[in-house]
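For reference, the structure is listed below as structure tokens.
Only this structure's heavy atoms are used, side chains among them; waters, hydrogens and symmetry mates stay out. Protein chains get the first letters and strands the later ones, always in sequence-line order, with residue 1 at the start of each.
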Protein chains: 2
Amino acid sequence: MDFEIEIANYNFSSIFLKMNNDIFVRMISKKTKYAINALVYLAKRNGEGPIVISEIAEKEHIPRKFLESILLNLKKAGVLASKKGKGGGYYLLQNPEDINLADVMRLFDGPIAFLPCVTYKYYERCEECKDEETCGIRDVFYEVRNKTVELLKKANLAEIIKRERHLITDL
Amino acid sequence: MDFEIEIANYNFSSIFLKMNNDIFVRMISKKTKYAINALVYLAKRNGEGPIVISEIAEKEHIPRKFLESILLNLKKAGVLASKKGKGGGYYLLQNPEDINLADVMRLFDGPIAFLPCVTYKYYERCEECKDEETCGIRDVFYEVRNKTVELLKKANLAEIIKRERHLITDL
DNA sequence: GAATAGTCTACTAAATCTATAGACTTTATT
DNA sequence: AATAAAGTCTATAGATTTAGTAGACTATTC
């Protein structure tokens, strides 16, 4: 991986205005990241029966109590199932092929689009917008949303694990 | 524009978990939206000399005082110039072709990537990550970032205005 | 019935977003 | 020189979100 492509025409002052504070603001939340990591972990051990929270927390470096609530959310969303008591834990309820990053991100962080007027299920007009029908900005962000969702939908748990294997092989 | 494509394999519970509060959390900030709208406005009137803040604020439905600080930021970034006193105002310092959405978004909202480990200039390791080199999740988000930046870089002010004209024609 | 393991409710500290208020500086015009 | 126009700078604040933590409760297995 390299980022050479972009160096060519980088015009702007490269300094973010918010240099003093945290600039990683619009990224996916830790909740989503933890969820994805936990799901990949469970996908790798799919079929082995329930896995306890503490194992996932430890192996994936996720705060245990925080992970609890995340897994609970995934259960409510129908992605995971759980078993209480000894020998209990969490396991996938769907096939690894059917759980993709677009859905996980939406579950925890809401719509993937950059603007409310180009979301799939949560459409909302931009307050300041003069005419949505002819908005060139919207047109761009609509394109970006579509491409992003397309790539994230392809990225299911099985695919992520496959990529991991490829990356290891290429080392 | 329609969203039919996606309906086919939408597996998850379609209800966001954070239904009670604002779900439009990860979208671009109002600051960025206002900045883009102001820039497009200035691009349309490029060559007419300085435009006063209040005119932009009024026409684009942006809170005046808020817009002030945004334009100041854009000036500091070298995108705009200003003139004080009577007959003053703001105007583009760069060609409309050279001001693109990727740069504007970065300026106000920080990196475009979904993960700190795939940013172009603000790389940071994910704390919880076990091995970045073989991370399938990173691989996916790297792809998404590249495609997104590609589309957003193409979207310069001239392009946005061109799209607007096309959309009007198609009505 | 004891140990294991998930469930639920409540709380908190820190940060960010979206502004608003007001004093100050520079410039053009009369 | 005075005045009005217009951008600049500093400070503040309410609302919301994020990333947790604490602790009591419930169900299951041995």
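Ring geometry for A:Phe114 versus B:Phe114: interplanar angle under 30°, hence parallel rather than tilted (30 to 60°).
Distance from the side chain of A:Pro63 is smallest for D:dT21 among the nucleotides C:dG6, D:dT21, D:dC9. Of the candidates C:dT20, D:dT18, C:dT18, the closest approach to any side-chain atom of B:Arg26 belongs to D:dT18.
The interatomic distance linking A:Lys33 (NZ) with D:dA19 (P) rounds to 9 Å, in whole Å. Between A:Phe66 atom CZ and C:dT12 atom P the separation is 18 Å, expressed in whole Å. Regarding A:Leu80, its CG atom lies at a distance of 18 Å from the P atom of C:dA5, rounded to whole Å. Going from atom CD1 of A:Ile62 over to atom P of D:dA19 covers 13 Å, rounded to whole Å. Look at NZ on B:Lys75: it is 16 Å from P on D:dA6, rounded to the nearest Å. When the P atom of C:dC8 is taken as reference, atom CD1 of A:Ile53 falls 12 Å away, rounded to whole Å. Taking atom CD1 on B:Ile70 and atom P on C:dT20, their separation rounds to 11 Å, with Å as the unit. When rounded to the nearest whole Å, the span between CG of B:Leu74 and P of D:dT8 equals 12 Å.
Residue A:Tyr34 places at least one side-chain N or O under 4.0 Å from the OP1 or OP2 atom of D:dG20. Within the structure, a side-chain polar atom (N or O) of B:Ser82 is placed less than 4.0 Å from OP1 or OP2 of D:dT8. Residue B:Lys31 places no side-chain N or O under 4.0 Å from the OP1 or OP2 atom of C:dT16.
Using a 3.5 Å distance cut-off with no hydrogens or angles, the side chains of B:Tyr41 and B:Glu55 do pair a donor with an acceptor.
Between A:Tyr120 and A:Arg145, the shortest heavy-atom distance links the atoms CB-NH1, 3.2 Å. Between A:Cys126 and A:Leu115, the closest heavy-atom pair is SG-CD2, 4.4 Å. Minimum interatomic distance between A:Phe141 and A:Val118 (heavy atoms only, all atoms of both residues): O-CG2, 3.9 Å.
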B/S/- contact track for nucleotides 22-30 of chain D, protein heavy atom under 4.0 Å | BB--BBBS-
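Salt bridge status for B:Arg64 with B:Glu58: absent, with no side-chain N to carboxylate O gap under 4.0 Å.
Counting any heavy atom pair closer than 4.0 Å across all strands shown, B:Leu71 reaches no nucleic acid atom.
Listed for the B:Glu164 side chain is a donor-acceptor partner under 3.5 Å among the backbone atoms of A:Gly136.
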